[in-house]
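Per chain, numbering begins at 1; letters A, B, ... match sequence-line order.
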Amino acid sequence: MPGPGQSGLVCELGDDGSPAGDPVEVSDLVAAVREHEEEGVGTRWVWPSAAGIYPRLLRADVRVARCHDVALAEALIAGRDAALGAGALGAGAGRAGAGSVRGGGIGVGLGRGGVGGGGALDAGQAGCDRLDRARDDRLERALELLRVWSAAAAGEAGAVAFTAAGGGQADQQALFDRALAGAPDHPKPRDTLNALIDVHADQLRRIAADEHPGRFGLLVAAESAGALVAAEMTMAGVPWRADAHDALLTEMLGPRPAMPGQRPARIAELAAQVAAAFASSGAGGGPGHRGGRRPVNPDSPAQVLQAFAADGIRLSSTRLAVLRDVDHPAVEPLLEYKELARLHSAFGWVWLDAWVRDGRFRPEYVVGGVVSGRWASRGGGALQIPRLLRRAVVADPGWVLVVADAAQLEPRVLAALAGDRAFAAAAQAGDLYAEVATAFAGDRRKAKIAMLSAMYGGAGGEAGQLLAVLRQRFPAAAGYVEAAARAGEEGRVVRSVLGRACPPPSANWRALTEEAADPDAERDPQAGRASRARGRFTRNFVVQASAADWAQVMLVSLRAGLSKINGRNEGVQVLSGSAAVAPGARRQRPDLVFFQHDEVIVHCPREQADAVVAAVSRAAEEASRLVFGPTRVAFPLNTAVVDCYADAK
DNA sequence: GGTCGGGGCGCG
DNA sequence: AAAGCGCGCCCCGACC
């Protein structure tokens with residue numbers, strides 16, 4: 001695999017993905033990529049996986065504008081094909097096509113894509129209905145080769161989880177076995193390139209064969225660009241003040257314990273209080289409980305339940321919500337213990353040592369890691385950082401954080417998806433819930449509960465009543481999620497607005513529900529539960545996954561917008577062709593540093609803040625237009641320019 | 001000694 | 001207030 005100074009093969013591709021010439025061997029692939037980018041001809045790089053190779057390019061200070069990520073594309077396309085087999089219900093069926101993807105690519109391949117030329121993905125090429133088995137096998141082998149390549153390319157980290165495109169544990173194990181049995185760690189460049197070209201061309205055909213090729217192509221393009229953003233964000237890192245984090249911990253927990261594994265003072269104190277509360281109440285209890293009860297470990301739900309039971313309090317669980325209503329002296333210290341112990345174990349000093357270096361927190365993002373298309377993260381709990389710790393996220397001197405989150409994104413997405421006139425009118429407003437509240441005698445709280453219940457499938461308590469009101473007032477919106485729920489209950493598959501498919505039900509689920517559908521069979525209550533659970537999943541999927549579509553398109557649009565903001569360079573300039581950045585040199589450009597489902601953070605020099613805010617706003621508008629086409633629904637952002645993340649709203 | 005599922009809780 | 005959806009990560013305890 002290429003690294004700085006390592007050779008590689010490059011081949012230009014046409015719009016249909018076929019080679020536009022012979023492969024060219026370059027002595028330094030990274031340098032070759034840099035040169036192509038500097039020519040500014042709109043190259044779209046085609047590679048097995050951005051996660052595998054792009055970090056290396058970034059370490060050599062090479063950025064690319066566009067790519068086609070074969071691994072991510074394969075996951076999307078294979079998911080779509082599995083959905084077709086299960087009977088898909090298109091989320092946006094019947095709507096006009098939205099985005100388009102243009103240009104050919106260059107394979108590491110690379111391609112000098114015709115910017116503005118044709119839409120290879122929109123062209124109505126013949127579908128892939130005639131796929132004979134031999135070809136399938138060849139493409140399977142090619143894909144496998146690319147996975148091996150990607151894993152090898154990931155480099156120092158060693159074995160990387162293969163992005164299983166439709167593969168489960170078994171596939172991965174088989175692949176691993178073959179690798180051990182002598183499959184080359186570094187496949188021959190020529191073989192890799194051929195595999196890449198074949199698979200890519202096949203993917204273009206399969207995208208074009210989609211019911212909505214424009215939208216599906218946009219999804220693949222956005223996912224690929226998302227992988228670029230993810231690698232760049234890991235490289236940039238979230239500015240993190242270890243001293244502020246440490247001060248916060250010390251204030252809440254007491255000083256850092258000298259010995260690792262030791263409880264901080266405040267946590268030890270609370271544990272003792274919990275133990276004492278149970279011991280004292282037990283002392284006066286029935287016979288056989290003369291005081292000396294074993295101290296309760298507050299970290300053990302089983303022990304806590306037992307301790308409460310010994311005092312005559314039977315609990316369904318030790319969850320916060322349950323404990324809050326319990327009248328017992330142990331409750332107060334226990335709740336505080338839980339809060340602080342979690343802070344200590346999940347984001348305490350150990351976390352700080354492991355994850356913050358040189359004033360940056362650098363988590364790894366997993367693009368497409370969630371079935372809905374949301375990103376996941378690996379290590380560091382990047383997407384679960386307690387709001388409390390936002391205090392430690394502070395811009396560098398002279399820099400600011402531009403924090404933007406989409407307001408009430410999911411209900412707005414539903415409004416746009418469903419084409420509900422009344423609901424869309426409500427979604428023109430800045431506060432959607434306040435508008436919906438007119439259906440609930442102005443009670444905003446009820447409006448919110450009704451909306452969330454509609455999107456999540458809640459039906460308990462007052463939710464049922466509120467839902468009835470919602471259904472009457474916004475029939476199309478309610479009908480939309482209910483159709484999705486019905487599809488799920490019947491074992492069908494749903495898709496997001498851009499065509500991301502939810503997974504089909506498991507064999508287990510099918511067996512369970514089919515059995516129950518047999519009129520002669522005993523009614524199994526498990527089957528009903530499983531069916532309703534899948535209904536809630538698909539109901540939520542159409543909304544959450546379409547929101548993820550919007551957010552990722554917004555993110556990559558923002559990336560493009562930010563790249564046009566040119567600041568001065570500070571310090572020594574990067575020499576042309578050199579991988580080295582002089583010490584102290586610092587690019588004065590805005591960095592995307594965080595993305596959490598519906599929220600982005602840009603770290604930039606203070607003088608660029610206005611331009612960044614404008615770019616954010618344009619990105620949201622562009623995402624709305626590309627994903628939903630013409631719609632009356634507004635997608636407003638809350639944007640703040642701050643020194644510290646905690647100060648953003 | 002290690003692995004793995006469940007409980008619990010942080011985020012959206 | 002939580003519920004209903006999606007995650008990652010910690011701890012515990014059962015198990016190998």
Strictly below 4.0 Å: does A/Arg378 bring a side-chain N or O up to OP1 or OP2 of C/dC9? no
Check this for me, if you would: do A/Lys446 and A/Glu462 make a salt bridge, where the nitrogen-to-carboxylate-oxygen distance has to be below 4.0 angstrom? no
Looking only at side-chain N and O atoms, does A/Ser372 come under 4.0 Å of OP1 or OP2 in C/dC5? no
Is it true that A/Asp549 and A/Arg374 make a salt bridge, defined as a side-chain N closer than 4.0 Å to a carboxylate O? no
Basic-acidic side-chain contact under 4.0 Å: A/Glu269, A/Arg266: yes
A/Asp405 and A/Gln596 side chains, donor-acceptor separation under 3.5 Å: no
Do any side-chain nitrogens or oxygens of A/Lys338 fall under 4.0 Å of OP1 or OP2 in B/dC9? yes
Of the candidate nucleotides C/dA2, C/dC12, C/dC11, which contains the atom at the shortest distance from the side chain of A/Ser345? C/dC11
Against the side chain of A/Tyr456, the closest entry in C/dG8, B/dC11, C/dC5 is C/dC5
Categorize A/Arg539 for me: base, sugar-phosphate, or nothing, with a 4.0 angstrom heavy-atom threshold over every strand shown. nothing
Between C/dC10 atom P and A/Ile267 atom CD1, what is the distance in whole Å? 15 Å
If we ignore hydrogens and angles and just use 3.5 Å, is the side chain of A/Gln262 paired with the main-chain N or O of A/Met259 as donor and acceptor? yes
Could you tell me whether A/Leu409 contacts a base, only the sugar-phosphate backbone, or nothing, with contacts defined as non-hydrogen atoms closer than 4.0 Å? nothing
Whole-Å distance, A/Met455 CE to B/dG12 C1', equals 12 Å
Can you tell me the distance, in whole Å, between the OH atom of A/Tyr337 and the C1' atom of C/dC11? 9 Å
At under 4.0 Å between heavy atoms, what does A/Glu462 touch on the DNA or RNA strands: base, sugar-phosphate, or nothing? base
Side-chain contact check for A/Phe537: nearest option of B/dG8, C/dG6, C/dC10 is C/dG6
Residue whose closest nucleotide on DNA chain C lies nearer the 5' end, A/Arg319 versus A/Ala376: A/Arg319
First encountered from the 5' end of DNA chain C, between A/Asn297 and A/Ser453: A/Ser453
Could you tell me whether A/Val543 contacts a base, only the sugar-phosphate backbone, or nothing, with contacts defined as non-hydrogen atoms closer than 4.0 Å? nothing
Does A/Arg412 pair with A/Asp598 as a salt bridge, N-O distance under 4.0 Å? no
Nearest-angstrom distance from the residue atom CG of A/Leu467 to P of C/dA2: 19 Å
A/Leu452 side chain, from C-beta outward: closest of C/dG4, C/dA2, B/dG10: C/dG4
What is the distance, rounded to the nearest whole Å, between atom CD of A/Gln408 and atom P of B/dG12? 15 Å
Closest to the A/Val370 side chain, choosing from C/dG13, C/dC7, B/dG8: C/dC7
Take the protein atom CG of A/Leu389 and the nucleotide atom C1' of C/dG8, then report the distance between them rounded to whole Å. 16 Å
C/dG6 -> Watson-Crick or G-U wobble partner, both distances under 3.5 Å, gives B/dC11
May I have the distance from A/Phe594 (atom CZ) to B/dC11 (atom P), rounded to whole angstrom? 11 Å
Contact under 4.0 Å: A/Gln596 side-chain N or O vs C/dC7 OP1/OP2: no
Measure from the ring center of A/Phe594 to the ring center of A/His603 and say whether it is less than 6.0 Å. no
Quick one: label A/Arg390 by what it contacts on the DNA or RNA (base, sugar-phosphate, nothing), any heavy atom closer than 4.0 Å. sugar-phosphate
Give the rounded distance in Å between these two atoms: CG of A/Leu320 and P of C/dA3. 10 Å
If anything within 90° of 0 is syn and all else is anti, what is C/dG4? syn
Establish, with yes or no, whether the OP1 or OP2 oxygen of C/dG4 is under 4.0 angstrom from a side-chain nitrogen or oxygen of A/Arg532. no
Report the nucleotide, chosen from C/dG4, B/dG7, B/dG12, that has the shortest atom-to-atom distance to any side-chain atom of A/Arg536. C/dG4
If you look at every strand shown and take non-hydrogen atoms under 4.0 Å, does A/Gly379 touch a base, only sugar-phosphate, or nothing? sugar-phosphate
Among B/dC11, C/dG13, B/dG8, which nucleotide sits nearest the side chain of A/Ser300? C/dG13
Answer with base, sugar-phosphate or nothing: what part of the nucleic acid does A/Glu339 contact at a heavy-atom distance below 4.0 Å? nothing
Between B/dG12, B/dG10, C/dA3, which nucleotide has the shortest distance from any of its atoms to the side chain of A/His597? B/dG12
